[in-house]
S.K.: 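Before we start, here is the structure in question, set down as C-alpha cells.
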Amino acid sequence: MSYSFSKKLLLYFTRFLFLFSTLFGLSYLPCMVYGLFGNEVNLLVNVDSGDILWEKKVELFGSDHALTKPDLSIASLSFNFTDVFYTDSLSTTPLYANSKEGSDLVSVHPHSHSKFVLFHSLPIFLRLMIFTNAILTLLFFVMIVYHLKSFVFKIYSDSYFELQTITNLKYISYYLILTWLVDFSSTFILSPFQSSMLTNKAGIVSLSLNFPTINLLFAGFIIGVLAHVFSHGVALKEDNKLTI
Amino acid sequence: MIVVNLDVMLAKRKMSLTELSGKVGITMSNLSILKKGKARAIRFSTLESICRVLECQPADILEYKVDVDS
C-alpha cells in the first residue's frame with residue numbers, strides 16, 4: 001500500500017467518522033431531550049459511571065416476555081466516548097430482572113457488575129445532570145473528530161510543520177482532557193445518588209472503585225506534549241526558511 | 001539591531017538585484033528577504049559570496065544600530 005493511498009484512506013476514514021459522530025449526536029439529542037422530560041425512551045444509565053446507553057432489545061425466539069428471558073440479543077450502542085472504543089462489557093448478554101412494580105428495569109452485567117436504570121425513571125435533577133454530562137461528552141467527541149479530520153486533511157495536503165496543523169493537535173489534546181474531566185466529575189457527582197437510583201436493591205453488591213478511565217487523560221497529555229514538540233519544529237522550520 | 005545595507009552597496013556598485021542573484025547563486029526571493037531585513041540569519045558562505053561579488057567587507061553590508069524600542 002503506497003503512502004499517498006494510506007493518507008487518502010485515512011482522510012476518508014476521518015471524514016466518515018465526523019459524519020457518523022455528527023449524525024449520531026443529532027439522532028441522540030432529541031431522544032435525550034424526550035427522556036429528559038420524563039417520556040419513555042430506551043436509554044439506560046450506568047449507575048456507577050453515569051454513562052448513557054441506548055439498548056434495543058431484539059427477540060430471537062418471538063417471546064412475549066422479552067424482559068425476563070435470558071435468550072435475548074442486545075444491540076447496544078454506548079453514548080460515552082470511552083466506551084465506544086474500550087468497552088467489552090456490553091458484548092456479553094446482560095441478565096434482566098424486573099422489579100416488583102414491573103416498570104423499573106434494572107439490568108446487571110455479569111462481568112462488569114454495573115447496574116443500569118432507565119433514564120426517564122430517574123428524578124429530574126439526576127436526569128439534568130446526566131443529560132448535561134452526556135451532551136458535553138458528545139460535544140467534545142464531535143470537536144475531537146472535527147479537529148482530527150482537519151489535522152489529517154492538512155497532513156494530506158503536505159502541510160506538516162504549519163501552525164494550523166499544530167493548533168489542531170493542541171485542540172484535540174484539550175478536548176481529550178476536558179472529556180476526561182467531565183467523566184471524572186460525573187462519577188463523583190453521581191456517587192451519592194447511586195443508591196437512590198436503584199429501585200431494585202437485590203442486585204449484586206460489590207465494593208468496586210469505579211475510577212474513570214485515565215486513558216483519555218494520558219492520550220490528552222501525550223498529544224499535548226507532541227503538539228508542544230511540533231511547535232518547536234515549526235519555529236525551527238521558520239528559522240531555516242529565513243536563513244539566507 | 002542588525003541593519004542590512006545591501007541596497008546601498010548595490011547602488012554604489014550600480015548593480016541590480018537580479019544581476020547579484022545570478023552572480024551569487026541565491027534566489028531572488030531570498031535576496032529580497034535579506035534586503036528587506038526580514039532574514040533571521042545569514043550563512044558565512046552567503047556573506048562571502050556577496051562580499052566577493054560586490055568587492056566589499058561584511059561591515060559594508062551589515063551594520064549594528066541600537067534599537068530605540070528595546
Side-chain angles (χ1 to χ4, degrees), chain A residues 2-8 10-11 14 143-144 146-177 219-244, chain B:
Chain A
S2 67
Y3 180 59
S4 60
F5 179 72
S6 55
K7 274 201 299 186
K8 193 176 271 185
L10 193 63
L11 179 71
T14 49
M143 289 310 291
I144 286 168
Y146 170 75
H147 283 290
L148 183 69
K149 180 179 75 83
S150 182
F151 176 75
V152 170
F153 177 72
K154 277 158 195 162
I155 295 295
Y156 181 73
S157 316
D158 291 333
S159 305
Y160 297 103
F161 287 97
E162 299 292 338
L163 208 59
Q164 289 86 359
T165 315
I166 310 305
T167 311
N168 283 134
L169 267 188
K170 278 182 183 170
Y171 275 120
I172 290 172
S173 160
Y174 296 152
Y175 283 122
L176 278 171
I177 294 169
F221 275 127
I222 288 168
I223 292 173
V225 168
L226 279 178
H228 187 70
V229 169
F230 276 114
S231 64
H232 277 279
V234 171
L236 283 174
K237 187 197 169 191
E238 194 69 16
D239 272 351
N240 190 47
K241 191 180 165 185
L242 292 174
T243 299
I244 312 299
Chain B
M1 62 181 289
I2 301 294
V3 179
V4 181
N5 293 321
L6 190 63
D7 48 349
V8 178
M9 281 310 297
L10 282 171
K12 277 182 184 174
R13 299 289 183 261
K14 293 174 182 170
M15 195 184 281
S16 69
L17 205 64
T18 317
E19 195 181 345
L20 181 70
S21 167
K23 283 182 178 174
V24 175
I26 304 172
T27 60
M28 278 290 289
S29 60
N30 276 348
L31 269 184
S32 181
I33 288 170
L34 188 64
K35 196 181 141 191
K36 286 174 185 171
K38 286 183 180 175
R40 287 192 188 165
I42 182 166
R43 292 190 187 90
F44 279 145
S45 56
T46 312
L47 192 61
E48 189 183 335
S49 304
I50 292 170
C51 288
R52 180 169 35 81
V53 171
L54 294 178
E55 296 171 347
C56 64
Q57 292 299 313
D60 296 329
I61 299 168
L62 303 175
E63 184 189 354
Y64 172 70
K65 277 185 181 173
V66 179
D67 198 354
V68 186
D69 297 333
S70 64

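The chains referred to below are lettered A, B, ... by the order of the sequence lines, with proteins before strands, and numbering in each begins at 1.
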S.K.: In Å, rounded to the nearest 0.5 Å, how long is the span from CD1 of A:I244 to CD1 of B:I33?
M.R.: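 Rounded to the nearest 0.5 Å, the CD1-CD1 separation comes out at 5.0 Å.
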S.K.: Between chain A and chain B, which donor-acceptor atom pairs come closer than 3.5 Å, counting both backbone and side-chain atoms?
M.R.:
from	atom 1	to	atom 2	distance (Å)
B:R40	N	A:L242	O	3.0
B:R40	NH1	A:D239	OD1	2.6
B:A41	O	A:I244	N	3.0
B:R43	N	A:I244	O	2.9
B:T46	OG1	A:I244	O	3.1

S.K.: Heavy-atom distances under 4.5 Å only: say whether B:I26 touches chain A with side chain, backbone, both or neither.
M.R.: side chain
